[in-house]
Amino acid sequence: MFNKILIANRGEIALRVICACKELGVKTVAVYSDADRNSLHVRFADEAVCIGPPRSSESYLNIPAVISAAEITNVDAIHPGYGLLSENANFAEVCETSGLKFIGPPPEVIRLMGEKEKARQAMQKAQVPILPGSDGVISSAEEAREWAQTIGYPVIVKASAGGGGRGMRVIRSEDEVEKFFNAAQSEAAAAFGNGNLYMEKFIEQPRHIEFQVVGDNYGKVTSLGERECSIQRRHQKLLEEAPSTRVTDEMRQQIGRKLESCLSEIGYVNAGTVEFLMDEDGSLHFIEMNTRIQVEHPVTEMVTGIDLVKTQILIATGAKISEVIPRIERTGLRGHAMECRINAEHPEKFTPSAGKIKTFHIPGGLGVRVDTAAYAEGVIPPYYDSLIAKLITFGKDREEAISRMKRALEMFIVEGIYTTIPLHRQILEDEEFKAGNIDTKFMERFFARLQEKRAREAAL
Ligand code: MV4
């Protein structure tokens, strides 16, 4: 086992990794920016090192500063959390060459999955279903027009180095090809320093469903079922659940087995998430893979009983999956879990709301979990992402998870800043949500219904 781990992150995920380390008897080192001096990850770690000014680019993303902190504190390994340096293949490489274990996949696997059109080809080779699309990158608008003709409109061009919705354009007819191909290319080149694009058939109203996987260093990869993540706005997820109401046991097993053989072949190690779109017919199609622990990992933990962060650390020490995950937990899912992301934002304008928290009361009780690094009198700095807490509930079925979530949201008190708590309370009362009729356009329809309802009420 490692003696000491540095956590190259902040906020709730830094605290989540500290929890796992404490349970494993591993010492921890926090790194922090000037804006995070009074953060809980600093308080709960055994040691803490300031790595720079508030802006992430000068602190949490500063590779030499993070590596120096690791060297002066003599740690064995680095856990990157999510975001920040977690999917930076160069960082993973620098860790290894500095004699520090990077808790994640090997750099070349991070690099492969970072090139989305290569990841697509790798999945296709292993018979994981993908959408009809181009073979590799498209080098000109003319070539794009030919591919679009083959695939059939509508199509979507995506940046190979992309993700999160940047460098993407939907093309609905031949006369739009040149304009949108060029726009996506310039946007990708500016955002990622790489203008490579590929094309896929466009799905109008997909569900976003992702599979959690874990691989060990001996070629064993195991799939831990899916999460339904369709409730999002502007590519920011708001609410996730496991399992998906639309994935049957048969689909879960079939996709799971294909992912296991594909990722074993690739040499996938540690935790990862494979993203799929579900089309109107209920078929799943691979879109991309994330090579990190995800924000929404707790919903999988609740339905599998597996501590994914402890698993990551144990895998990185060289443990086998058969040693760290009991067979029963690898094969069976139990109950239903749901996560609401509590962001420091105005619930309808979605504008950030930094500042001092005055009151902070966390709900508890059976089936309720809160992952947070926020506290009363604590300050939410404006420099980082707006997630301040994750409220997770578990129940014997979806209805019980929902009723627990409703009462937990009611008992979650945050004063001093705006949060998305009122928004979640409204989503949970929504008939379409209750019926499980959710897809990536859900929030647009939800806000339209809300406006209508308000207009009706105003007219009375
Ligand atoms: C798509 C799609 C429809 N068809 N690909 C958006 C972010 C990027 N990771 C993939 N995205 C999409 N890819 C095809 N072929 C629709 C989206 C999409 C989306 C996907 C998942 C969750 C939310 C989304 C919101 C808008 C568009």
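When a ligand or atom number is given, it counts from 1 through the structure's own listing order. Here, residue 1 is the first one in the sequence, and each next residue gets the next number.
- Listed by number with element, the atoms of ligand 1 under 4.0 Å from a non-hydrogen atom of His208 are 21 (C), 22 (C).
- Close contacts of ligand 1 with Leu131, meaning ligand atoms under 4.0 Å from a residue heavy atom, involve 15 (N).
- Aromatic ring centres of Tyr60 and Tyr32 lie farther apart than the 6.0 Å criterion allows.
- Residue Met168 places a heavy atom less than 4.0 Å from ligand 1.
- Salt bridge annotation for Arg10-Asp385: absent, with no cationic side-chain nitrogen under 4.0 angstrom from a carboxylate oxygen.
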Given Gln254 and Arg252, is the side-chain hydrogen bond (donor to acceptor under 3.5 Å, both in side chains) satisfied, shown in steps?
CA-CA 6 Å; Gln254 195 202 12; Arg252 184 176 302 117; over 6 Å; no
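- Counting protein heavy atoms only, atom 19 (C) of ligand 1 is closest to Thr440 CG2, 4.3 Å.
- The closest protein non-hydrogen atom to atom 5 (N) of ligand 1 is Lys158 NZ, 2.9 Å.
- Using a cut-off of 4.0 Å between Lys/Arg side-chain N and Asp/Glu carboxylate O, Lys158 and Glu288 are scored as not salt-bridged.
- When each atom of ligand 1 is checked for a heavy atom of Ile203 under 4.0 Å away, the hits are 3 (C), 4 (N).
- Here the heavy atom of the protein found nearest to atom 18 (C) of ligand 1 is His235 CE1, 4.4 Å.
- Among protein heavy atoms, the minimum distance from atom 15 (N) of ligand 1 is reached at Lys201 O, 2.7 Å.
- For the pairing with Phe447, the side-chain contact (heavy atoms from CB on, under 4.5 Å) check across Met443, Arg445, Glu444 returns one residue only, Met443.
- For the pair Met113 and Ala119, the tightest heavy-atom approach, listed with the atom from each and the gap, is SD-CB, 3.6 Å.
- Distance from atom 20 (C) of ligand 1 to its nearest protein heavy atom, with residue and atom name: Leu277 CD2, 4.0 Å.
- Nearest protein heavy-atom contact of atom 25 (C) of ligand 1 is Gln232 NE2, 3.5 Å.
- At a heavy-atom distance under 4.0 Å, only side-chain atoms of Glu288, from C-beta outward, approach ligand 1.
- With 3.5 Å as the limit, one finds a donor-acceptor pair spanning the side chains of Ser386 and Glu345.
- In this structure, Arg425 is not positioned above the aromatic face of Phe433 in the sense of NZ or CZ being under 6.0 Å from the six-membered ring centre and within 45° of the axis.
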